[in-house]
There are 2 protein chains.
Amino acid sequence: MAETPPSGESLLYLTDEQLRKGIEAMFFAYRGFTADPDRILEERDYGRAHHRAVHFIHRTPGLTVSSLLAILGVTKQSLNRVLRTLFDDGLVEARVGKTDKRERRLHLTDKGAELERALSDAQRARMRAAYRAAGPQAVQGFRTVLEAMMDPEMRRQYLREDGS
Amino acid sequence: MAETPPSGESLLYLTDEQLRKGIEAMFFAYRGFTADPDRILEERDYGRAHHRAVHFIHRTPGLTVSSLLAILGVTKQSLNRVLRTLFDDGLVEARVGKTDKRERRLHLTDKGAELERALSDAQRARMRAAYRAAGPQAVQGFRTVLEAMMDPEMRRQYLREDGS
DNA sequence: CTTGGAATGTCAACAACACTGACGTAAATT
DNA sequence: AATTTACGTCAGTGTTGTTGACATTCCAAG
């Protein structure tokens with residue numbers, strides 16, 4: 001196989017071994033990434049699905065159910081089960097859309113915001129530690145590769161509202 | 001909104017917004033990361049759990065059930081369900097340990113290796129495309145941040161057998 | 001004004017994949 | 001001989017996902 005990097009300035013010598021290492025890095029890192037929130041969620045009898053819903057409602061207050069559906073990429077039945085428990089527990093509230101009364105615009109209650117903060121504090125702490133350990137250049141590269149790895153549709157979701 | 005991008009050698013000032021963006025990048029990228037294998041697995045009536053098992057048996061032929069258990073971080077009951085279907089379908093075979101006859105050392109059959117190749121080809125293709133798009137520096141940073149994000153125990157698993 | 005479609009909710013059934021707990025067996029270790 | 005280790009298995013449960021079918025409300029277009 002190619003041991004000499006191809007000429008030109010983009011000297012990526014991508015052996016299968018290197019790529020495999022990247023694949024495993026994603027696998028193990030994702031586990032670390034979710035570990036802290038998972039612990040908090042378990043205490044309160046919620047799951048990752050609740051985390052995701054709460055996260056995106058926090059990020060975009062007033063988003064509709066169908067938008068959330070598109071972001072999460074699950075069926076409405078699946079999302080609805082989660083949303084119902086969040087309503088019942090008073091973490092999320094739905095307000096009827098102003099222009100379109102069919103829409104239910106989702107918002108976090110104070111209680112919901114409190115859970116969101118607990119979860120994202122934990123997750124940010126780990127992310128911050130990783131960023132610090134890796135340094136600014138690494139952070140830039142991290143984001144660039146992840147972005148390139150997304151499906152185009154998801155990349156659009158990601159870039160929406162911009163941010164860095 | 002970013003006033004000054006985090007690139008260059010400037011220190012990191014890690015705003016919550018920046019960190020949130022990193023969190024979402026992980027979320028969306030992981031979806032892309034698993035999308036291609038998921039399609040192949042569905043065709044053949046397997047799931048992600050089978051993928052993980054096959055991947056690590058391929059990576060370390062002859063590994064024991066308990067090692068695999070430690071890597072995957074699941075219960076033996078859960079792993080056993082998956083391994084049984086892989087045995088039954090003739091993708092994996094278990095050989096009694098030479099020195100310790102209690103051990104079952106796991107190996108892929110030709111058929112198993114064929115599935116592994118299909119899965120990792122797909123996953124590597126995406127990884128390669130992402131790497132190419134991002135460039136060598138980004139790749140380095142990507143790996144560095146992911147490594148820093150792992151739990152220490154998982155990092156040891158990851159670094160075992162070294163590589164790159 | 002009627003009709004079609006969009007946005008949403010809900011019931012029911014099912015599957016993958018995780019968990020706990022308990023029990024069993026063979027082989028290694030002490 | 002007793003204990004521990006490695007592994008398997010039976011049974012039950014929970015979360016999160018899926019299809020499929022059906023109802024409601026409301027906007028928009030003919």
Side-chain angles (χ1 to χ4, degrees), chain A residues 27 30-31 34-35 37-57 62-89 92-107, chain B residues 27 30-31 34-35 37-57 62-89 92-107:
Chain A
F27 173 68
Y30 199 78
R31 284 252 292 272
T34 54
D38 281 354
R39 273 187 285 273
I40 294 169
L41 290 160
E42 200 187 5
E43 285 169 16
R44 315 198 188 189
D45 266 28
Y46 292 117
R48 276 191 205 171
H50 301 88
H51 184 184
R52 293 195 277 265
V54 164
H55 173 95
F56 285 106
I57 294 169
L63 95 170
T64 63
V65 173
S66 56
S67 306
L68 187 50
L69 237 29
I71 291 170
L72 297 178
V74 297
T75 58
K76 65 178 172 176
Q77 293 91 329
S78 193
L79 175 58
N80 223 263
R81 203 178 5 204
V82 169
L83 281 183
R84 202 175 346 168
T85 75
L86 293 174
F87 289 141
D88 292 351
D89 297 353
V92 170
E93 60 180 27
R95 303 177 195 156
V96 172
K98 278 177 193 165
T99 60
D100 189 334
K101 290 179 186 167
R102 290 170 304 178
E103 293 175 343
R104 303 172 65 195
R105 318 209 75 121
L106 304 169
H107 298 263
Chain B
F27 174 69
Y30 198 78
R31 284 252 291 272
T34 54
D38 280 355
R39 273 188 285 273
I40 294 169
L41 290 160
E42 200 187 5
E43 286 169 15
R44 315 198 188 188
D45 266 28
Y46 292 118
R48 275 189 206 173
H50 300 87
H51 184 184
R52 293 196 278 266
V54 163
H55 173 95
F56 285 106
I57 294 169
L63 93 170
T64 62
V65 173
S66 58
S67 304
L68 187 51
L69 237 30
I71 291 170
L72 297 178
V74 298
T75 58
K76 64 179 174 178
Q77 293 92 326
S78 193
L79 175 58
N80 224 263
R81 196 182 335 124
V82 169
L83 280 184
R84 204 174 346 171
T85 74
L86 293 174
F87 289 143
D88 292 350
D89 297 352
V92 170
E93 60 181 26
R95 304 177 194 157
V96 172
K98 279 176 192 166
T99 61
D100 189 335
K101 289 178 186 168
R102 290 170 306 178
E103 294 175 343
R104 301 172 66 199
R105 318 212 74 121
L106 303 170
H107 297 264

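Numbers restart at 1 for each chain; the letters A, B, ... are given by sequence-line order, proteins then strands. Side chains are part of it too, since the values below use all heavy atoms of this structure and drop only hydrogens, waters and symmetry mates. In this text, all values refer to a predicted model and were calculated from it rather than measured experimentally.
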Has [X] got a side-chain N or O lying under 4.0 Å from the OP1 or OP2 atom of [N]?
| X | N | value |
| --- | --- | --- |
| A/H50 | D/dT16 | yes |
| B/T64 | D/dA6 | no |
| A/T75 | D/dT18 | yes |
| B/S78 | C/dC17 | no |

Between atom [atom1] in [X] and atom [atom2] in [N], what is the gap in whole Å?
| X | N | atom1 | atom2 | result |
| --- | --- | --- | --- | --- |
| A/L69 | C/dA6 | CG | P | 15 Å |
| A/N80 | D/dG17 | CG | P | 13 Å |
| B/E42 | D/dG17 | CD | P | 15 Å |
| A/E103 | D/dC26 | CD | C1' | 11 Å |
| A/K76 | D/dT24 | NZ | P | 14 Å |
| B/H51 | C/dA16 | NE2 | C1' | 16 Å |
| A/D45 | C/dA18 | CG | P | 20 Å |
| A/L72 | D/dT18 | CG | C1' | 15 Å |

Exercise. So, does the side chain of B/R81 form a donor-acceptor pair with the base of C/dA18 at under 3.5 Å?
Worked result: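 When only heavy-atom distances are counted, B/R81 does reach the base of C/dA18 through a donor-acceptor pair under 3.5 Å.
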Exercise. What about B/Q77, does its side chain sit under 3.5 Å from the base of D/dG12 through a donor-acceptor pair?
Worked result: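 No, the side chain and the base share no sub-3.5 Å donor-acceptor pair.
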For this session: Could you pull out all residues at least two apart from B/Q77 that satisfy side chain to side chain donor-acceptor pair (under 3.5 Å)?
Result: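 Listed in chain order: nothing, the list is empty.
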Exercise. In terms of side-chain geometry, is the basic nitrogen of A/K101 or A/E103 positioned less than 4.0 Å from the acidic oxygen of its partner?
Worked result: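 Salt bridge absent between A/K101 and A/E103.
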Exercise. Do A/E93 and A/R95 sit within salt-bridge range, that is, some charged N less than 4.0 Å from a carboxylate O?
Worked result: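 So A/E93 pairs with A/R95 through a salt bridge.
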Exercise. Looking only at heavy atoms, which two atoms of A/R31 and B/L72 are closest? And how far apart?
Worked result: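 Smallest heavy-atom distance, with atoms named: NH1-O, 3.1 Å.
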Exercise. At their closest point, which heavy atom of A/F27 faces which heavy atom of B/I71, and how far apart are they?
Worked result: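 Residues A/F27 and B/I71, closest heavy atoms: CE2-O, 4.5 Å.
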For this session: Establish, from distance only, whether the side-chain atoms of A/T64 and A/S67 form a donor-acceptor pair under 3.5 Å.
Result: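 The criterion, which ignores hydrogens and geometry beyond distance, is satisfied for A/S67 and A/T64.
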Exercise. Between A/R52 and B/R105, which has a closest nucleotide on DNA chain D that is more 5'?
Worked result: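 Final value for this comparison: B/R105.
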For this session: Could you grab the distance from atom NE2 of A/H107 to atom CG of A/L63, nearest 0.5 Å is fine?
Result: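 Answer rounded to 0.5 Å: 9.0 Å.
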Which pairs, protein N/O on one side and nucleotides 27-29 of chain C N/O on the other, fall under 3.5 Å?
residue : atom : partner : partner atom : Å
C/dA28  : OP1  : B/K101  : N            : 2.9

